[in-house]
A.B. asks: 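The structure's right below; bear with me while I get my questions together.
Below, read A as the first sequence line, B as the second, and so on, with proteins coming before strands; counting in each chain starts at 1.
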Amino acid sequence: MSIFALIDCNNFYASCERVFNPKLEKKPVVVLSNNDGCVIARSNEAKKLGIPMGAPYYQWKYFCQKNRVHVFSSNYALYGDMSHRVMTILESFCSEIEIYSIDESFISFDQFKETDLFGYAKEIKQAIKMYTGIPVSIGIASTKTLSKIANHIAKKQSIEGIFSLTDAEIYEKILEKFPVEDIWGIGRQYSKKLKSYGIETAKHLRDADLKTLSRKFSVVVGKIIQELRGISCLPLENIIQPRKQIMSSRSFGRPVTDLAELEEALSHYTANACLKLRRQNSDANGIYVFLHTNLFNKKEMQYSNGTSYHFPIPSCDTSYLIHIAKICLRRIFKSGYRYQKVGMMLLDLTPKNLHQYDLLAIDENTRKKTLIKAIDHINETLGKNALFFCAEGIERAWQVRSGMRSPRYTTQWNEIPRVNCKI
DNA sequence: TCTGGGGTCCTAGGACCC
DNA sequence: TCTGGGGTCCTAGGACCC
């Protein structure tokens, strides 16, 4: 039998804010999405006040002011860096690790079976808290799905923030009470349908007929049932797979009507996506460009469209991709609308060394490659966007709002926290 | 006025082939 | 009146995750 542990940072973004601003301890804290649109992280105090996940901020602004909630725009430079620190500590405890998202990782405890797993988890939790200031919860079980459940219990019911489902009696009791909609992989649609079959709890699902449910839902639900039974179907994916597609898009800080501005924004997103593409050492075989007006606004004229383009030769060259992206945009742009968002996707990504190049174009390729390499190098040394394409715009009036962002404490020299000492 | 931004996997259905 | 049976590939859309 395998043993998995799921390490999940508690209210991660809110916790990151607290690390550098201890005044926020025990106070309600929320973090907002890009453009201060929705609530995407809440401290326990904010959850207790009843602020829901994903709530549109403008509907809760007054409530937050009234209840002295500390509100932050998202600060991904900080969260990304803190995440990296947490994961590095985890790696020092266990080499078999799958970084599942910015705030959670699965690790395999197989090599520690003989040791006191609960004690080891405690050590991990303490080390992360000590070195980063981030509180984590740990769930231990024989499959990934069960370790997610264990983590859920660790967060909600245990005092130490660690919970193990390896004991048969506890496992039965927990599954009996665990709501089916809280199981990893069971979303709103599935839980609604499952409930119509009388399946309300994790135990009901575990004991349901595997074949019938796999057929009525999908193989995904079949795997979940097996996992609930303690049969591991979802292996630890510790080798980072290159992305199959890369998307880059943002809502604008204000509605945009001008094609030139849309082109700037799109060029900027394309440059970001290309950088990601080169970092994973891939080329794209196509691109998809889309734009739309604010679909929530029922009073305004709506328009949304997208188009794709397949490249004759796979590429990761920013200048070429910006050129193509703009061609796509002009194909779908209609004047007279107030646009809310433009974006693009790099499609059908392939590893660099796999495809054939055009023999006759080799000289051009080499020149361009050298140029891109130089740009990337300069930006890595002097900081992001030290050098950028003119097409990306300079003023960037369309750019997102983030007026309540905390300093980028750990990644910008001029934003490092200062400590005043009296000697 | 104001509602995020990424990803993955699976399935159904259409087009096409022999 | 009667119109096969199998396969593959691609795409769109739906479900899920954080």
A.B. asks: Please tell me which of the listed nucleotides, B:dG4, B:dC10, B:dG6, lies nearest to the side chain of A:Ile40?
C.D. replies: B:dG4

A.B. asks: With DNA chain B as reference, determine whether A:Phe296 or A:Val220 sits nearer its 5' end, using the nearest nucleotide of each.
C.D. replies: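 The residue closer to the strand's 5' end, by nearest nucleotide, is A:Phe296.
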
A.B. asks: Would you give a per-nucleotide map of nucleotides 11-18 of chain C, 5' to 3', where B means the base has a protein non-hydrogen atom under 4.0 Å away, S means only the sugar-phosphate does, and - means neither?
C.D. replies: ----SSSS

A.B. asks: Among residues 53-75 of chain A, which ones have heavy-atom contacts with DNA chain C below 4.0 Å?
C.D. replies: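 Nucleic-acid contacts, sorted: none.
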
A.B. asks: Hey, which of these two, A:Tyr76 or A:Ile246, hits DNA chain B nearer its 5' end, going by closest nucleotide?
C.D. replies: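 Residue closer to the 5' terminus by nearest nucleotide: A:Tyr76.
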
A.B. asks: What is the distance, rounded to the nearest whole Å, between atom CD of A:Gln280 and atom C1' of B:dG6?
C.D. replies: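 After rounding, the gap between these two atoms is 14 Å.
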
A.B. asks: Would you mind listing every ring-ring contact (aromatic ring centres under 6.0 Å, His included) that reaches into residues 22-54 of chain A, with sequence neighbours excluded?
C.D. replies: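 Sorted result for residues 22-54 of chain A: empty, none.
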
A.B. asks: Which part of the nucleic acid does A:Arg254 contact within heavy-atom distance under 4.0 Å: base, sugar-phosphate only, or nothing?
C.D. replies: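 It contacts nothing in the nucleic acid.
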
A.B. asks: Whole angstrom is fine here: how far is it from CZ in A:Arg279 over to P in B:dG6?
C.D. replies: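 A:Arg279 atom CZ is separated from B:dG6 atom P by 15 Å.
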
A.B. asks: If you measure only the distance, is there a donor-acceptor pair under 3.5 Å linking the side chains of A:Asp317 and A:Ser315?
C.D. replies: no

A.B. asks: Atom CG of A:Leu275 and atom P of B:dG6: how far apart are they, to the nearest Å?
C.D. replies: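 My rounded result for the distance is 14 Å.
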
A.B. asks: In whole angstrom, give the distance that lies between atom NZ of A:Lys298 and atom P of B:dT1.
C.D. replies: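 So the two atoms are 15 Å apart, to the nearest Å.
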
A.B. asks: Closer than 4.0 angstrom, basic N to acidic O: yes or no for A:Glu200 and A:Lys177?
C.D. replies: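 No.
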
A.B. asks: Quick one: does NZ or CZ of A:Arg85 land under 6.0 Å from the six-membered ring centre of A:Tyr79, within 45 degrees of the ring axis?
C.D. replies: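 Because its charged atom misses either the 6.0 Å distance or the 45° angle limit, A:Arg85 does not stack over A:Tyr79.
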
A.B. asks: More than 12 foreign heavy atoms under 6.0 Å from CZ of A:Arg279: is that the case here?
C.D. replies: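 Not more than 12 within 6.0 Å, no.
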
A.B. asks: Determine the contact category for A:Lys341: base if any of its heavy atoms lies under 4.0 Å from a base atom, sugar-phosphate if only primed atoms, P, OP1 or OP2 are that close, otherwise nothing.
C.D. replies: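 If one applies the 4.0 Å heavy-atom cut-off, A:Lys341 turns out to touch the sugar-phosphate alone, with no base involved.
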
A.B. asks: Counting the atoms with a prime plus P, OP1 and OP2 as sugar-phosphate, which does A:Gln340 contact under 4.0 Å by heavy atoms, base, sugar-phosphate, or nothing?
C.D. replies: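 The answer is sugar-phosphate, as A:Gln340 gets under 4.0 Å only of primed atoms, P, OP1 or OP2.
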
A.B. asks: Quick one: does NZ or CZ of A:Lys203 land under 6.0 Å from the six-membered ring centre of A:Phe178, within 45 degrees of the ring axis?
C.D. replies: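 So A:Lys203 doesn't make the cation-pi contact.
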
A.B. asks: For A:Glu160, check salt bridge (Lys or Arg N to Asp or Glu O under 4.0 Å) against everything at least two apart and list the hits.
C.D. replies: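 Expected list: A:Lys122.
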
A.B. asks: Is the shortest side-chain N to carboxylate O distance from A:Glu45 to A:Lys26 below 4.0 Å?
C.D. replies: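 No.
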
A.B. asks: Rounded off to whole Å, could you give me the NZ-to-C1' distance for the A:Lys244 and B:dC10 pair?
C.D. replies: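 Taking NZ of A:Lys244 and C1' of B:dC10, I get 12 Å after rounding.
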
A.B. asks: Could you tell me the separation between the CE atom of A:Met344 and the P atom of B:dG5, rounded to a whole number of Å?
C.D. replies: 15 Å

A.B. asks: Is any side-chain nitrogen or oxygen of A:Asn34 closer than 4.0 Å to OP1 or OP2 of B:dT3?
C.D. replies: no

A.B. asks: Enumerate the residue pairs fulfilling side-chain hydrogen bond (donor to acceptor under 3.5 Å, both in side chains) with a member in residues 64-73 of chain A, sequence neighbours excluded, ordered by first and then second residue.
C.D. replies: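 For residues 64-73 of chain A, and leaving out neighbouring residues, the side-chain hydrogen bond (donor to acceptor under 3.5 Å, both in side chains) pairs sorted by first residue read A:Asp36-A:Ser73.
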
A.B. asks: May I have the distance from A:Asp36 (atom CG) to B:dT3 (atom C1'), rounded to whole angstrom?
C.D. replies: 12 Å

A.B. asks: Counting neighbours of OH on A:Tyr131 that are heavy atoms of other residues, nucleotides or ligands and sit closer than 6.0 Å, is the number greater than 12?
C.D. replies: no

A.B. asks: Considering only NZ, NE, NH1 and NH2 on the basic side and carboxylate oxygens on the acidic side, decide whether A:Glu181 and A:Lys192 come within less than 4.0 Å.
C.D. replies: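 The answer is no: the pair does not qualify as a salt bridge.
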
A.B. asks: For B:dT3 and A:Asn35 - does any side-chain N or O of the residue sit under 4.0 Å from the phosphate oxygens OP1/OP2?
C.D. replies: no

A.B. asks: Which dot-bracket string fits DNA chain C when only Watson-Crick or G-U wobble pairs with both atom distances under 3.5 Å count, crossing pairs get [ ], and | stands for a partner on a different strand?
C.D. replies: ....||||||||||||||

A.B. asks: Roughly how many Å apart are B:dC2 and C:dC18, using the C1' atom of each and rounding to a whole number?
C.D. replies: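 Per the computed distance, 24 Å lies between those C1' atoms.
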
A.B. asks: Strictly below 4.0 Å, N to O, side chains only: are A:Glu176 and A:Arg206 in salt-bridge contact?
C.D. replies: no

A.B. asks: Can you see if the side chain of A:Ser249 gets near the phosphate of B:dG6 - specifically, an N or O under 4.0 Å from OP1 or OP2?
C.D. replies: yes

A.B. asks: Under 4.0 Å between a side-chain nitrogen and a carboxylate oxygen: does that hold for A:Glu17 and A:Lys27?
C.D. replies: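 Salt bridge absent between A:Glu17 and A:Lys27.
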
A.B. asks: Just the rounded figure in Å: distance from C1' of B:dC2 to CD of A:Glu300.
C.D. replies: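 Those two atoms, CD and C1', are 12 Å apart.
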
